[in-house]
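This report refers to the structure that appears directly beneath it.
Within every chain, numbering begins at 1; the chains are lettered A, B, ... in the order of the sequence lines, protein sequences first and strands thereafter.
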2 protein chains.
Amino acid sequence: MNIEKTITALNNPTRRNIIGWLKDRSNFPPALPEHADLEGVCVAFIQEKAGLSQSTISNYMGLLKEAGLVSSERHGQFTFYSRNDDAIQAFLSALEKEFL
Amino acid sequence: MNIEKTITALNNPTRRNIIGWLKDRSNFPPALPEHADLEGVCVAFIQEKAGLSQSTISNYMGLLKEAGLVSSERHGQFTFYSRNDDAIQAFLSALEKEFL
DNA sequence: TTCATAAATCAGAATATATCGATATCTCAA
DNA sequence: TTGAGATATCGATATATTCTGATTTATGAA
């Protein structure tokens, strides 16, 4: 848990939104039938929801992943990103410890 | 509680340290006798502890105050800053609500 | 009223972040 | 093996942040 990197990753409204959206798969279009059993959401769906360019979202997902807030799995041409609940919890605990 | 402004204020190690230091008055030199009954710590003490310039610390305290994380009281030529525990708690709760 | 001190504000240089379009890489399918 | 689609990476520009020293603005004391 790198608190510096994590705060920086979350210091952006779109990236915070992405973390929020990923709480619930139904925030995105239904997965293709062949992806029905996979965790996570592909970049294109996140991009569409965020309304920013593909390169920006790819970059954002990289930052969130670097910070440990999401994980990714590649399946074919798709990369599926999902929340890393434990890391998010750990971050909040670290903040409490530092500030309270 | 402006989560954007607050995260930005905390997205800096020195500013996070300041919030931490202000938990305990004994992190700073003893107050002058004529200030013994006042809350908070003067800018000069914070500056010395942080090891950054006066203008930087004054600016940082302004950001923290803008974000509601500290309050200030002027007494004579001195400005005393103290933690705003409620706001810090509210921020952590807001983060939890947004992310968990 | 004038001086010294504490803090705030200003102007500026260096670095980081946001965001894009273009290009490169990877993988499936024809 | 070629083409198309999904991501990732690159290069660039605009904006924001960090941090400084210099200046300005209080304020208390001589």
Side-chain angles (χ1 to χ4, degrees), chain A residues 2 4-19 22 28-35 38-67 69-82, chain B residues 2 4-19 22 28-35 38-67 69-82:
Chain A
N2 180 335
E4 181 69 26
K5 207 174 258 187
T6 307
I7 291 191
T8 298
L10 293 176
N11 190 30
N12 174 286
T14 299
R15 290 194 296 262
R16 285 198 301 281
N17 282 337
I18 291 171
I19 293 295
L22 288 175
F28 301 94
L32 298 175
E34 62 268 39
H35 296 149
L38 298 176
E39 276 241 17
V41 179
C42 68
V43 174
F45 285 177
I46 299 170
Q47 186 206 334
E48 176 172 10
K49 183 131 183 132
L52 293 173
S53 75
Q54 186 267 319
S55 67
T56 295
I57 297 303
S58 181
N59 174 33
Y60 281 7
M61 298 317 292
L63 292 174
L64 291 171
K65 188 179 176 185
E66 268 283 304
L69 295 166
V70 302
S71 316
S72 69
E73 258 184 84
R74 180 130 204 180
H75 289 275
Q77 353 170 223
F78 295 83
T79 304
F80 295 90
Y81 283 95
S82 46
Chain B
N2 180 333
E4 180 70 24
K5 208 174 259 188
T6 306
I7 292 192
T8 298
L10 293 175
N11 190 31
N12 174 286
T14 299
R15 290 194 297 261
R16 286 198 301 282
N17 282 338
I18 291 171
I19 293 295
L22 287 175
F28 300 94
L32 298 176
E34 62 268 37
H35 296 148
L38 298 176
E39 276 240 20
V41 179
C42 67
V43 175
F45 286 177
I46 300 171
Q47 185 205 334
E48 176 172 9
K49 183 128 181 135
L52 293 173
S53 75
Q54 186 267 319
S55 67
T56 296
I57 298 304
S58 181
N59 175 32
Y60 281 7
M61 297 318 293
L63 292 173
L64 291 171
K65 188 178 175 184
E66 268 283 302
L69 295 167
V70 301
S71 316
S72 69
E73 258 184 84
R74 181 131 203 183
H75 288 275
Q77 350 169 228
F78 295 83
T79 304
F80 295 90
Y81 283 96
S82 45

Sort me out a list of protein N/O and nucleotides 17-20 of chain D N/O pairs below 3.5 Å, or just none if empty.
unit_1, atom_1, unit_2, atom_2, d
dT18(D), OP1, Asn12(B), ND2, 3.2
dT18(D), OP1, Arg15(B), NH2, 3.4
dT18(D), OP2, Arg15(B), NH1, 3.1
dT18(D), OP2, Arg15(B), NH2, 3.3
dC19(D), OP2, Tyr60(B), OH, 2.2
dT20(D), OP2, Ser53(B), N, 2.9
dT20(D), OP2, Ser53(B), OG, 2.9
dT20(D), OP2, Thr56(B), OG1, 2.8

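- Residue Ser58(A) is classed as a base contact, given a heavy-atom separation below 4.0 Å to a base.
- Between the P atom of dA6(D) and the CD atom of Glu48(A) lies a distance of 12 Å, rounded to the nearest Å.
- A 6.0 Å sphere centred on CD of Glu4(A) holds more than 12 heavy atoms belonging to other residues, nucleotides or ligands.
- In this entry the distance linking CD of Glu34(A) with P of dA6(D) reads 11 Å, nearest Å.
- Residue Phe80(B) is classed as having no contact, given no heavy-atom separation below 4.0 Å to the nucleic acid.
- From the 5' end on, the contacts that DNA chain C makes with chain A at under 4.0 Å to a non-hydrogen atom open and close at dT17(C) to dC28(C).
- With hydrogens and angles disregarded, no donor-acceptor distance shorter than 3.5 Å links the side chain of Arg16(A) to the backbone of Ile18(A).
- Under the 3.5 Å distance criterion, the side-chain polar atoms of Arg15(B) are left unmatched by any main-chain donor or acceptor of Leu10(B).
- Inter-residue side-chain proximity for Tyr81(A) and Leu64(A) is flagged as unmet; no heavy-atom pair is nearer than 4.5 Å.
- Val70(B) places a side-chain heavy atom less than 4.5 Å from the side chain of Ile19(B).
- Checking each of Ile46(B), Asn59(B), Ile57(B) against Leu52(B) for a side chain to side chain contact (heavy atoms under 4.5 Å, CB included) leaves exactly one that passes, namely Ile57(B).
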Nucleotide N/O of nucleotides 25-30 of chain D paired with protein N/O under 3.5 Å:
none

